[in-house]
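Atoms within a ligand are numbered from 1 in the order they appear, just like the ligands themselves.
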Amino acid sequence: MITKFDEVIVGEEDIRRRVLEIAAKITDDYRDREPLLVCVLKGAVFFTADLVRQVSIPCELDFMAVSSYGSAADSSGVVRILKDLDAYITDRHVIIVEDIVDSGLTLSYLRKNLTARNPASVEVATLLTKPARQKVDIKCKYVGFEVPDRFVVGYGLDFNEHYRNLRFIAALPEEELG
Ligand code: 5GP
């Protein structure tokens, strides 16, 4: 287990500032619409927790857990729902809160799945995108940061369940990725 990260991709203060900006936008965009924020476990847990506490209109929170078949570094787009929403979302304004859009396949599946339940709207707030790797065209209304084509960890994102508790986002050293 390494403890030192040489390549910090997004620092703690930058995350804090961007989360405030996104929360302000959501507050503006969803006035009188009481959005339902759907946190995609586990990676988006800290982003969601920090974001929702800065949204200053009434909103609700729910959770989904999905697993994408494939290796740690490559998702296949075949997604299994491990935990579904508790809430019915018909006629609700849904915001999917994700950690990272890599190929976009997981989010594409999730969006289709939730749209089939007839919500009033579905938008996406993602902390990170990796534009160099995107395979499907996904519209994300709220994006925290674009990151380079590296495997990143921290602030909720893991490698084999490690490093979620870092307060910043760092590139995993290539030798550890294997
Ligand atoms: P996609 O389907 O967009 O290729 O992959 C999405 C999921 O793969 C993310 O929700 C995340 O769980 C995982 N993932 C993709 N890239 C990274 C990365 O750089 N670091 C970590 N920790 N997970 C990633």
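The ligand atoms of ligand 1 that sit less than 4.0 angstrom from a heavy atom of Lys130 are 16 (N), 17 (C), 18 (C), 19 (O). For ligand 1, the atoms lying closer than 4.0 Å to a non-hydrogen atom of Asp158 are 21 (C), 22 (N). Counting atoms of ligand 1 from 1 in the listed order, those under 4.0 Å from a heavy atom of Asp102 are 1 (P), 3 (O), 4 (O), 5 (O), 15 (C), 16 (N). Here is the list of ligand 1 atoms found below 4.0 Å of a heavy atom in Arg150: 19 (O).
Ring geometry for Phe46 versus Tyr155: interplanar angle of 30 to 60°, hence tilted. Between Tyr30 and Tyr142, the ring planes lie tilted relative to each other; the angle falls in the 30° to 60° range.
Look at Leu107 and you'll find every heavy atom at least 4.0 Å from all atoms of ligand 1. Ligand 1 has no atom lying under 4.0 Å from any heavy atom of Lys135. For Phe159, the heavy-atom gap to ligand 1 stays at 4.0 angstrom or more. Residue contacts with ligand 1: Gln134 is excluded, as none of its non-hydrogen atoms falls under 4.0 Å.
Other residues, nucleotides and ligands place more than 12 heavy atoms under 6.0 Å from the NZ atom of Lys141.
A distance of 10.0 Å separates OG in Ser121 from CD1 in Ile89, rounded to the nearest 0.5 Å. Atom-to-atom distance recorded for Leu37:CG and Ile95:CD1 is 4.5 Å, nearest 0.5 angstrom. The line from CG of Leu128 to SG of Cys140 is 11.0 Å long, rounded to the nearest 0.5 Å. Going from atom CD of Glu123 over to atom CD1 of Ile26 covers 10.0 Å, rounded to the nearest 0.5 Å.
Between Val152 and ligand 1, a contact under 3.5 Å exists for at least one N or O pair. On a distance-only criterion, Gly104 and ligand 1 share at least one N/O pair closer than 3.5 Å.
The backbone N or O of Arg164 lies less than 3.5 Å from no partner atom in the side chain of Asp158, so there is not a single donor-acceptor pair.
Look at Asp28 and Lys25 and you find no salt bridge, because none of the NZ, NE, NH1 or NH2 atoms lies under 4.0 Å from a carboxylate O. The pair Arg117-Asp84 counts as a salt bridge, with a side-chain nitrogen and a carboxylate oxygen less than 4.0 angstrom apart.
With a 4.0 Å heavy-atom cut-off, ligand 1 is reached by the side chain of Glu98 but not by its N, CA, C or O. Residue contacts with ligand 1, taken as heavy atom pairs separated by less than 4.0 Å, do not involve Leu172 at all. When heavy-atom distances to ligand 1 are checked against a 4.0 Å cut-off, Arg133 has no atom that comes that close, whether in backbone or side chain.
For atom 7 (C) of ligand 1, the nearest non-hydrogen atom from the set Thr106, Val66, Leu105 belongs to Thr106. Of the options Gly43, Gly154, Ser67, Ser103, the smallest heavy-atom separation from atom 1 (P) of ligand 1 is shown by Ser103.
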